[in-house]
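I have placed the structure first, in the form of structure tokens, so that the comments after it can refer back to it.
Hydrogens, waters and symmetry mates are skipped; everything else that's a heavy atom, side chains included, is used. Worth saying up front: this structure is predicted, and the values here are computed from it rather than measured. Numbers here simply count residues along the sequence, with the first being 1.
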Amino acid sequence: MKSSAELRDLLDRIDRRGYPAYKETKGIYQFGGYALCIDHVQGDPFAAPSKVSIHIAGKDAGFPKELFDKSWKRIMLQDYLLRQFYRAVEEYSFRAKGSGKSGLLAVSRPGQEILERSACQMDASNGNLILRMEVGFPANGRTVNSRELEKIFFDFLPKCVKGNLFYKSLDAGILKKNANLAEDQQYIREQLKERGLVAFVANGAVLPRESGVSKRPMKQAVAFKAPASMEVSIQLPHYGELKGMGIPRGITLIVGGGYHGKSTLLKAVELGVYSHVAGDGREYVITDETAMKIRAEDGRSIRNVDISMFINHLPNGKDTTVFSTEDASGSTSQAANVIEAMEAGTKTFLIDEDTSATNFMIRDELMQRVVNRASEPITPFVDRIREIYEKYGISTILVAGSSGSYFHKADKILQMDCYEPKDITEFAKAEAERYPLAAEPVPECKEPDFRRCPVQSGGGASERGGSGRGRGNGRRGGDAGGREERVKIKTTGCDTISLNKENIDMRYVEQLADNEQMTSLGYILSYAGKHYFSGRKSIQSIVEEISGLIGEKGIGAVCEGSYLPSGLCVPRKQEIFACLNRYRGLRF
């Protein structure tokens, strides 16, 4: 490790030389209380920014053990530090001048959800802290302007680091409140299991968002209030008594007129699989962590999925126990999404009829009379929903606004009236008796076959081809003979992952909360291609092993490079399954 004085001397020597001279700065330099590591230097001022990391020993950072002694507290602390650092560094970005990306200071910007990110990581054993960021090394044209880089390294960054990454510089009271919130949120998750609930929505929660493109709470929105019949009370370790609506296991139907808050409630429940920051309005909306949003997805690819629980006897004689298509219909895509969610270990389905295929969800009495079951290959979800719960223990929360068929199947029925939930179960059940469902026999389904073992169809290393350790930004891999293969990962928001020339459409995987989860999925897919897609392991085994690896070693375990990228965020197991299932480069 070199000293900061050596770095300053080096910058003096290379000033006004050609831009590649910046490559000499790569290394670790000791500053007061922290180490500055220049992990990767950009090739020119118009290329992707240089990668820099800040390393602080736990004894210097000084954070008390009780702030990170549990994983959820540690993630909350990392998230808070990253938010603080982002606000500080934003003020200095581009204050160092030059061409191209000169003077850029960038770090991950967290949203409303609290997620584990590579941008800020703390070692649970000793409190050592690493913050990763990007810096645009300044240049005049393509000539080194090291005087401007000195401002960044010796003025801007030290102020940001010392003011936001050391315990003594921060508000101890706020840090403690954040740790307490994390513990309270975790306690509610544990209470869901103990009390037989799939979701909890606190009284006073603010569910509506500012707009369709903002995740911030809507000002002057109607605060949530649980109906008396579904109100539960939880004594939290720090907050004290908290009351709210407990949604029990089983089948819960949410009905009501348009624009009365049905989908708003479901959306809050969808994102309740993640913890939220204080002040979000949904920080005490907690959902079964395995919950999965199910919807129709016209045009998606499906590979060897057993959809026979819902679809059989297709006119073309196609086998629905190993169903494959490059261009799924609404009904086949939703059937596949249900089965794949079961394969992923989901215990709660979240469904909105607005984004569902009508013929997959229901068949009314008149349609059943006109087109009998022998002529209809689809067994609608309404005919399977109770069987799915009673046989497989999978609950469903369903939003419906047009069909009353599910009144007969639901255990609880909520009506949203001007954003106020009302328990109308007894009334709806009584009314449903006047409109009985057709007594058409429903054949019992067999358990889906999940023994799918993926093979990568060309273009990628696999277990059979061997793998080598990459270099650079973690996007290069090698085969057993040492030949390097370029693996290019690009993402477009939360819509598309591009792995080399193959696009994976993730638009309808609605519980992805951050584009950094998408980038991580790209790395996971690349890693899996090098190590797992050999046809010898099932997709369940592959995802379990990768999830276990990330849980043990962090997201860096799937990034086979000389340094860990800063813009990664750990996805749930369910989204890893979803990504693999939508990757057209696999066959089973």
Problem - Separation between CG of Leu242 and CD of Gln235, rounded to the nearest 0.5 Å - result: 9.5 Å

Exercise for the section: Please check if atom CD in Glu426 has more than 12 non-hydrogen atoms from other residues, nucleotides or ligands closer than 6.0 Å. Expected result: no

Practice task
Using modelled atom types only, decide if a donor and an acceptor are shared between the side chain of Ser566 and the backbone of Ala119 within a distance under 3.5 Å.
Solution key: no

Completion exercise
Phe323 meets the ring-ring contact (aromatic ring centres under 6.0 Å, His included) criterion, sequence neighbours left out, with none

Exercise for the section: Could I get the full list of side chain to side chain contact (heavy atoms under 4.5 Å, CB included) partners for Gln574, not counting sequence neighbours? Expected result: Thr290, Met292, Ala344, Thr346, Arg572

Completion exercise
In this structure, SG of Cys160 is separated from CG of Leu165 (nearest 0.5 Å) by 9.0 Å

Handout entry: Whether Tyr406 side chain and Ile385 backbone form a donor-acceptor pair below 3.5 Å
Key = no

Problem - Residues Asp417, Lys422: salt bridge by 4.0 Å N-O rule - result: yes

Problem - Residues which pass ring-ring contact (aromatic ring centres under 6.0 Å, His included) with Tyr419, listed by chain and number, not counting sequence neighbours - result: none

Problem - Side-chain (Asp505) to main-chain (Arg507) donor-acceptor, under 3.5 angstrom - result: yes

Exercise for the section: State, yes or no, whether a side-chain contact exists between Ile254 and Leu265 at a heavy-atom distance under 4.5 Å. Expected result: yes

Exercise for the section: Not counting sequence neighbours, which residues clear side chain to side chain contact (heavy atoms under 4.5 Å, CB included) with Tyr187? List them please. Expected result: Glu190, Gln191, Ile234, Leu236, Pro237

Exercise for the section: Answer yes or no: are there more than 12 heavy-atom neighbours, outside Arg584 itself, under 6.0 Å from its atom CZ? Expected result: yes

Problem - Candidate pair Arg300 and Asn337, rule side-chain hydrogen bond (donor to acceptor under 3.5 Å, both in side chains), full reasoning - result: CA-CA 10 Å; Arg300 68 155 287 195; Asn337 286 342; 2.7 Å; yes

Problem - Positive for salt bridge (charged side-chain N to carboxylate O under 4.0 Å, His left out) with Arg582, one of Glu326, Glu575, Glu502, Glu297 - result: Glu297

Exercise for the section: Supply the atom-to-atom distance Ile546 CD1 to Tyr523 OH, rounded to the nearest 0.5 angstrom. Expected result: 15.5 Å

Problem - Arg216, CZ: over 12 other non-hydrogen atoms inside 6.0 angstrom - result: no

Handout entry: Backbone of Gly330 reached by a side-chain donor or acceptor of Ser333 within 3.5 Å
Key = yes

Per-pair distances, 0.1 Å, donor-acceptor, side chain in residues 491-498, under 3.5 Å, sequence neighbours excluded:
unit_1 : atom_1 : unit_2 : atom_2 : d
Ser498 : OG     : Asn500 : O      : 3.2
Ser498 : OG     : Asn503 : OD1    : 3.4

Handout entry: Under the salt bridge (Lys or Arg N to Asp or Glu O under 4.0 Å) test, residues paired with Asp327 that sit two or more places apart
Key = none

Exercise for the section: Output all residues satisfying ring-ring contact (aromatic ring centres under 6.0 Å, His included) with Tyr239, sequence neighbours left out; order by chain, then residue number. Expected result: Tyr284

Handout entry: Exam field: side chain Glu210 to backbone Lys215, donor-acceptor pair closer than 3.5 Å
Key = no

Practice task
Check whether any side-chain heavy atom of Met342 sits under 4.5 Å from a side-chain heavy atom of Tyr392, and report yes or no.
Solution key: yes

Exercise for the section: Please check if any side-chain donor atom of Thr325 sits under 3.5 Å from a side-chain acceptor atom of Arg303, or the reverse. Expected result: no

Problem - Crowding at NZ, Lys193 (>12 non-hydrogen neighbours, <6.0 Å) - result: no

Practice task
State the OH-CD1 distance between Tyr508 and Ile294, to the nearest 0.5 angstrom.
Solution key: 15.5 Å

Problem - Ala182 backbone acceptor or donor facing His238 side chain under 3.5 Å - result: no

Practice task
Write down the atom of Cys559, the atom of Leu568, and the distance for their closest heavy-atom approach.
Solution key: SG-CD1, 3.4 Å

Practice task
Quick one: which residue pairs count as a side chain to side chain donor-acceptor pair (under 3.5 Å) with a foot in residues 251-265, not counting sequence neighbours?
Solution key: Ser263-Asp352

Problem - Considering all heavy atoms, the nearest Phe224-Ala202 contact - result: CD2-O, 3.7 Å

Handout entry: Validation row: Glu231, Met245 side chains within 4.5 angstrom (heavy atoms)
Key = no

Completion exercise
Residues passing the ring-ring contact (aromatic ring centres under 6.0 Å, His included) test with Phe63, sequence neighbours excluded, are Tyr167

Exercise for the section: Take atom NZ of Lys429 as the centre, draw a 6.0 Å sphere, and report whether it contains more than 12 heavy atoms from other residues, nucleotides or ligands. Expected result: yes

Practice task
Return yes if some donor-acceptor pair links the side-chain N/O of Ser520 with the main-chain N/O of Pro571 below 3.5 Å, else return no.
Solution key: no

Handout entry: 4.5 Å side-chain heavy-atom contact, Val399 and Ile351
Key = no

Handout entry: Exercise: do Ser356 and Gln334 side chains pair donor with acceptor under 3.5 Å
Key = yes

Practice task
List in chain and number order the residues that pass side chain to side chain contact (heavy atoms under 4.5 Å, CB included) with Ile388, two or more places apart in sequence or in another chain; answer none if no residue qualifies.
Solution key: Met309, Phe310, Phe349, Phe381, Arg384, Ile394

Problem - CD1 on Ile576 to CD1 on Ile539, rounded to 0.5 Å - result: 10.5 Å

Exercise for the section: Inspect the contact between Arg189 and Glu289 and indicate whether a charged nitrogen and a carboxylate oxygen are less than 4.0 angstrom apart. Expected result: no

Problem - Side-chain heavy atoms of Arg249 within contact of Thr348, under 4.5 Å - result: no

Exercise for the section: Start with the C-alpha distance between Ser538 and Ser541, add both sets of side-chain angles, then the distance that settles side-chain hydrogen bond (donor to acceptor under 3.5 Å, both in side chains), and finish with yes or no. Expected result: CA-CA 5 Å; Ser538 72; Ser541 298; 3.1 Å; yes

Handout entry: Interatomic distance, Ile75 atom CD1 to Ser275 atom OG [nearest 0.5 angstrom]
Key = 8.5 Å

Problem - Donor-acceptor pair, side chain of Lys176 and main chain of Leu67, under 3.5 angstrom - result: no

Handout entry: Listed partners of Asp280 passing side chain to side chain contact (heavy atoms under 4.5 Å, CB included), at least two apart
Key = Gln112, Arg209, His276, Val277, Arg282, Glu283

Problem - Test: Glu343 and Arg452 ion pair at under 4.0 Å - result: yes

Exercise for the section: Take Gln415 and Asp423 through the side-chain hydrogen bond (donor to acceptor under 3.5 Å, both in side chains) test and state the conclusion after the steps. Expected result: CA-CA 6 Å; Gln415 179 183 352; Asp423 183 356; over 6 Å; no

Exercise for the section: Test side-chain hydrogen bond (donor to acceptor under 3.5 Å, both in side chains) on Glu270 and Thr287 and set out the steps. Expected result: CA-CA 7 Å; Glu270 284 174 33; Thr287 305; over 6 Å; no

Problem - Minimum heavy-atom distance Leu192-Ile286, with the two atoms named - result: CD1-O, 3.8 Å

Problem - Pairwise salt bridge (charged side-chain N to carboxylate O under 4.0 Å, His left out) hits with a residue in residues 78-91, at least two apart - result: Asp79-Arg83

Handout entry: Exercise: do Arg74 and Gln78 side chains pair donor with acceptor under 3.5 Å
Key = yes

Practice task
Evaluate whether atom NZ of Lys225 has more than 12 neighbouring non-hydrogen atoms of other residues, nucleotides or ligands under 6.0 angstrom away.
Solution key: yes

